[in-house]
Structures are given as C-alpha cells and as structure tokens.
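Written below as structure tokens is the structure these notes are about.
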2 protein chains.
Amino acid sequence: MSHPTGQSPAAAPGDAQQSVDHALNHAIVEFYEKLSSWEHDVVREKGLTLPQVHTLEILGINQSMQMKELALRMGITTGTLTVLVDRLENKQCVRRRPHESDRRSIIVELTDEGRTLFEEHDRLHMQLTDALTAGLDTKDKAALLRCLEAMNRAF
Amino acid sequence: MSHPTGQSPAAAPGDAQQSVDHALNHAIVEFYEKLSSWEHDVVREKGLTLPQVHTLEILGINQSMQMKELALRMGITTGTLTVLVDRLENKQCVRRRPHESDRRSIIVELTDEGRTLFEEHDRLHMQLTDALTAGLDTKDKAALLRCLEAMNRAF
DNA sequence: CCGTTTATCTTGACAGTCAAACTAAAATAC
DNA sequence: GTATTTTAGTTTGACTGTCAAGATAAACGG
C-alpha cells in the first residue's frame, strides 16, 4: 500500500481518504445492524412482528391506504399483505373499509389501538435518536442531518 | 410546547434544536428503511435470504465460530441456526467441522464458495457507501464518520 | 355486451422463528 | 470415581412471512 516510486505527492491524502471511506462503510454497516437488532427487540416486546409494526408505521404516517398502495409501499405482494392485514385486524390494530367508489378496492386504516401502538413506537424511536445523539455537539448534529438527507436523496 | 412564562430566553434556540432532533430522527428512520430495502434486493438477486447472507458476513469477518457463539452473535436460537446452517451447507457456502477438544461443539466456517459470496457482497456494500457519500465534501464525511462511531458506541 | 385490465383473496411450497423436548458430552459434586 | 448438573447441538411442532400462480369479482374500453 506504500508508494515506492514517490511519483505522486497526492498519494498520501488519497490513501487517507480511502481509509475514511472504508471506515465509513464499516460504521454504516455496524449502525444498520445495531438499529435492526434494537428494532427487533422493541417490536417483540409488544408481541408484534417487524412486518406488522412496519405496516402500522406506514398507516400511521399516511392515515389510510388501499391494499394495493400499501403492498407497493412495503415492497411485498398483495397476497402477503392480505394475511398480514388479517392478523393485524385480529389484533384490533387496523380495520378494513370499503372504497367509496371502487368496489374492488379496500381501504386499510389504523384503529385507535393501532394508532396508540404507532405513537408509542414513534416515541421510542425518538428517544433512541436522542440517546444516540446526546454526545454530539450542535455542529456535528447539523452535519449528520445534512449527510443523512443527502444520502437519502442519493438512494 | 411554547414558553408562555417567558422565563427562558433560551426558548427559541431550544425549539430550533428540537426541530433538528425531529428531522434527525426522521432521516435516520428513512435511511434505515432504504438500506433495508437495498439489502433485501441485493440478497435476493443471489438466490439467498437475509439471514443466510448475515451468516456469511459474520463468518467472513470472524473466520470460524462455534454454533453457540454464532447464534448468540446473530440473536437467534441455536435451533434456528441449525437449519440455517443446514441450508448453507447444502448450498456449499459453509462447512461444519468438529471442535478440537470439545466433542459437543461444532465449528462452522466458510467454504471457498461462501467466501467468494461474502467478498462480492462486501464489495457491493462498499460501492453503495461510495455512491451515497459521493456528494459529500471531505469535512462532512469526516463528521459523518465521527457521528456514526459515536452513535455505535452509544448503543 | 364482451374482452381486458385491475384489486383482492386463496392456495401451495418454503424459509425463519421460537420454545420445548431430546441426545450426547463435559464439568462439577460428593 | 460415579452421580448429578450443565452445556452444545439437534429435532419437533406451531406460527409468521414470503412468493408465484390461480381464482373472483369489479371496472373499463370498445
């Protein structure tokens, strides 16, 4: 990894940048895994599964959606969603409602109980974010936000 | 949420900070979901499942592990791991090997094929990181790394 | 009207998950 | 030194998520 020819004065900074990139990759993967594991634990404590909570989150943000829309948003087939919604309906978290004008369509929405679960989960997320970023100074927080938003746009 | 008493001159900056925190929370959740979805798609293209690739990743980093260790590291029971490893063994990605001194224990390790898959996946991750952070300047990248590492430690 | 498209549900086949029961080996007790 | 307990891994049974493919029913387009 050294530069025996000494041809390039830019070599050292280049390597330093590459090592930052590697460290960044590593830190992202690690962060992702820790977040996954946290989410998994939190969700299971409520007696729900990850897809179930994911459904509540999307419905919590969007108020109500068609089955079709919801499946697309979640990246699953409508067949999978049918039984997912069945189970959430059994748990009294969501309800099916006929579409106003299209009798093929079905609207899914949160019940009061579902909304409560969603809000609790959201609060836990906020608390986690607060705890994780507690050690960061204002400037770093702002930079972090800027970076995350740029990366989200880049996806 | 306002400060009707007017006791605290810090009210305005406090609110601004709170709004950064909310945005941060939102950006983290969004980033997590996009990453999840990317991982899901990448993994399925290789004909593997998420837990299977997760196993390859951990073995790729740690060279070889006991079933017990591996299950603990992955946050699943050894019963679940048994069939997971069975399937990976069928796909020629990993191999079981007896423990040197403890005949109850079993060592799992990557085969050459498994290591290749791991390295390919790792490369894809690196490429994703590069693509996502391409638009960030050197200073922001450094701040991002610093924040992620602090958050990983805070977990 | 009739063929086509669309929204949902159903079915069949797998994978991941856990808890609990089971087996074999190691460690500890006495 | 055996008897008991603990530990590592597997097996089993029940449930959830997943998809693809097929079935239903409604809407749409001539």
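Chain letters run A, B, ... following the sequence lines, proteins first and then strands; every chain starts at 1. Worth saying up front: this structure is predicted, and the values here are computed from it rather than measured.
A straight line from CZ of A/R103 to P of C/dC9 spans 16 Å, rounded to a whole angstrom. For A/E69 and C/dA7, the CD to C1' distance is 12 Å, given to the nearest whole Å. Between B/L70 atom CG and D/dT7 atom P there is a gap of 20 Å when expressed in whole angstrom units. Computed from coordinates, the B/H54 NE2 to C/dT17 C1' distance equals 15 Å when rounded to whole Å. Regarding A/D86, its CG atom lies at a distance of 16 Å from the P atom of D/dC15, rounded to whole Å. The separation between B/L48 atom CG and D/dC19 atom C1' is 16 Å, rounded to whole Å. Separating the CZ atom of B/R104 from the C1' atom of D/dA8 is a distance of 6 Å, rounded to the nearest angstrom. When the C1' atom of C/dT8 is taken as reference, atom CG of A/L84 falls 15 Å away, rounded to whole Å.
Among the atoms of the strands shown, none is found under 4.0 Å from any heavy atom of B/L50. Among the atoms of the strands shown, none is found under 4.0 Å from any heavy atom of B/L81. Looking at heavy-atom distances under 4.0 Å, B/I76 makes contact with sugar-phosphate atoms alone, never a base. B/T78 comes within 4.0 angstrom of a base, heavy atoms only. Contacts of A/S101 with the nucleic acid, taken as non-hydrogen atoms under 4.0 Å apart, involve only primed sugar atoms and P, OP1 or OP2. Among the protein residues, A/T80 comes within range of the nucleic acid bases, having at least one heavy atom under 4.0 Å from a base atom. Nucleic acid contact class of A/T49 (heavy atoms, under 4.0 Å, all strands): sugar-phosphate only.
Side-chain proximity of B/T82 to D/dG9, D/dT16, C/dC9: nearest is D/dG9.
The pair A/K34-A/E30 meets the salt-bridge criterion, since a charged nitrogen lies less than 4.0 angstrom from a carboxylate oxygen.
Dashed line: the shortest gap from a side-chain N or O of B/Q66 to OP1 or OP2 of D/dT7 is not under 4.0 Å. An OP1 or OP2 oxygen of C/dA7 is reached within less than 4.0 angstrom by no side-chain nitrogen or oxygen of A/S105. Between A/R87 and D/dG17, a side-chain N or O to OP1/OP2 separation shorter than 4.0 Å is present.
Taking the side chain as every heavy atom from C-beta outward, A/R96 and A/M67 approach each other to under 4.5 Å. In this structure the side chain of B/D21 never reaches within 4.5 angstrom of the side chain of A/T129, judged on heavy atoms.
Between A/H121 and A/H125, the ring center distance clears the sub-6.0 Å criterion.
By the neighbour-count criterion of 12 heavy atoms within 6.0 Å, atom NZ of A/K68 is sparsely surrounded, having that number or fewer from other residues, nucleotides or ligands.
Nearest-nucleotide mapping onto DNA chain C: of B/G75 and A/I106, the residue sitting toward the 5' end is A/I106. Of the residues near DNA chain D, B/R44 and B/K68, the one whose nearest nucleotide (by heavy atom distance) lies more toward the 5' end is B/K68. Sequence order on DNA chain C of the closest nucleotides to B/D102 and B/M74 puts B/M74 first from the 5' end.
Here the straight-line distance linking atom CZ of B/R97 with atom CD of B/E109 works out to 4.0 Å at 0.5 Å rounding.
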